[in-house]
Amino acid sequence: NAGVTQTPKFQVLKTGQSMTLQCAQDMNHNSMYWYRQDPGMGLRLIYYSASEGTTDKGEVPNGYNVSRLNKREFSLRLESAAPSQTSVYFCASSDRGMDTEAFFGQGTRLTVV
Amino acid sequence: GQSLEQPSEVTAVEGAIVQINCTYQTSGFYGLSWYQQHDGGAPTFLSYNALDGLEETGRFSSFLSRSDSYGYLLLQELQMKDSASYFCAVRGQAGTALIFGKGTTLSVSS
């Protein structure tokens, strides 16, 4: 059981480049989330999807777009990367009905130069 | 909006007991959770409180007082492997995303 899988694990981008971070879960969860983690800032919510076909903005959505491709997959896109988007990105999922535990991927370490 | 406050750092020695406090402000409330993160790895779930009182899971316990918008994580019989960051998190309502505090770095020394 793989849980939540994120790709890539590491990425270096130049300012202005675009890229998509991929996330897939195999636990049949309804809800999926994208967070970013910066030193001293904790985990800040970028976007979330409560169910297939729906997405909502979180605390820090500017500069990002998301796609809930199907129940398993939730991707995060940076259209024009900026140095301020240098961060560690975590995808997570949870069973909406249980509403207790979120499962996290191993993270994507992104550097924008 | 929603916000959570927790201490940034706590230090303790092996075998001791440590308490990490969390106060929150939310427009609604659907439970307080605690997560552990080692060295920037994936956060992992520790506990969840929806109702007032103490929940115990082995060496770890979590407490909630909804009237005080306050909770804490209690770690007993500390071990070196407990050195990690600990985050409290809340949901404003069912089906919405977890909002996290900034985390508390626990350092356990021998």
Side-chain angles (χ1 to χ4, degrees), chain A residues 2-6 9-10 23 25 27 29-52 54-61 66 68 74 76 87-110, chain B residues 1-9 20 22-51 55 57 60 62 64 71 73 84-106:
Chain A
V4 179
T5 303
Q6 291 183 235
K9 289 184 171 53
F10 300 92
C23 176
Q25 51 91 9
M27 296 172 283
H29 286 166
N30 287 299
S31 300
M32 297 186 73
Y33 319 92
W34 277 105
Y35 293 89
R36 62 177 287 174
Q37 185 173 33
D38 304 292
M41 297 298 292
L43 291 150
R44 293 185 291 170
L45 181 68
I46 306 172
Y47 272 94
Y48 71 100
S49 172
S51 61
E52 187 178 352
T54 68
T55 60
D56 287 283
K57 294 179 180 180
E59 304 168 74
V60 288
V66 290
R68 184 72 184 267
F74 189 38
L76 178 72
S87 188
V88 181
Y89 292 85
F90 285 100
C91 177
S93 72
S94 67
D95 186 330
R96 186 180 182 184
M98 292 188 65
D99 225 14
T100 54
E101 178 176 359
F103 294 82
F104 284 79
Q106 290 301 311
T108 295
R109 284 146 182 82
L110 176 67
Chain B
Q2 299 171 105
S3 66
L4 299 96
E5 294 290 332
Q6 53 181 128
S8 58
E9 293 183 18
I20 299 173
C22 175
T23 57
Y24 59 87
Q25 288 186 314
T26 59
S27 53
F29 182 77
Y30 204 78
L32 179 70
S33 302
W34 290 91
Y35 285 77
Q36 180 190 59
Q37 184 183 38
H38 281 103
D39 297 328
T44 55
F45 174 81
L46 289 177
S47 67
Y48 171 74
N49 295 68
L51 303 175
E55 294 282 343
T57 308
F60 294 0
S62 58
L64 175 64
L73 180 69
S85 292
Y86 294 84
F87 296 89
C88 58
V90 296
R91 290 186 200 275
Q93 54 186 306
T96 61
L98 281 169
I99 301 300
F100 286 82
K102 293 183 178 180
T104 299
T105 300
L106 171 64

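Reckoned from all heavy atoms, side chains included, excluding hydrogens, waters and symmetry mates.
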Which one of A50(B), G41(B), A89(B), S47(B) has the most heavy-atom pairs closer than 4.5 Å to chain A? G41(B)
Hey, what do you get for OH (Y33(A)) to CG (L98(B)), rounding to the nearest 0.5 Å? 6.0 Å
Find out whether Q37(B) and F90(A) are in side-chain contact, i.e. whether some heavy atom of one side chain is under 4.5 Å from a heavy atom of the other. yes
Between F103(A) and F45(B), is the ring centre distance below 6.0 Å? no
With a 4.5 angstrom heavy-atom cut-off, could you sort out which part of E59(A) is near chain B: side chain, backbone, both or neither? side chain
Using a 4.5 Å cut-off on heavy atoms from C-beta on, say whether the side chain of Q37(A) contacts that of S85(B). no
Given that the side chain runs from C-beta out, which part of L43(A) has a heavy atom under 4.5 Å from chain B: side chain, backbone, both or neither? both
Region of R44(A) that comes under 4.5 Å of a non-hydrogen atom in chain B: neither
Just how far is it from atom OG of S31(A) to atom CZ of R91(B), taken to the nearest 0.5 Å? 7.0 Å
Can you confirm whether E52(A) is buried at CD, in the sense that more than 12 heavy atoms of other residues, nucleotides or ligands lie under 6.0 Å from that atom? yes
Highest number of heavy-atom pairs under 4.5 Å with chain A among G31(B), G101(B), G40(B) belongs to G40(B)
Separation between OH (Y35(A)) and CD1 (I99(B)), nearest 0.5 Å, reads 6.0 Å
Best-contacting candidate, G40(A), A102(A), A92(A), S49(A), against chain B by heavy atom pairs under 4.5 angstrom: A102(A)
Locate the shortest heavy-atom distance separating A42(B) from G105(A); write the atom from each residue and the value. CB-O, 3.1 Å
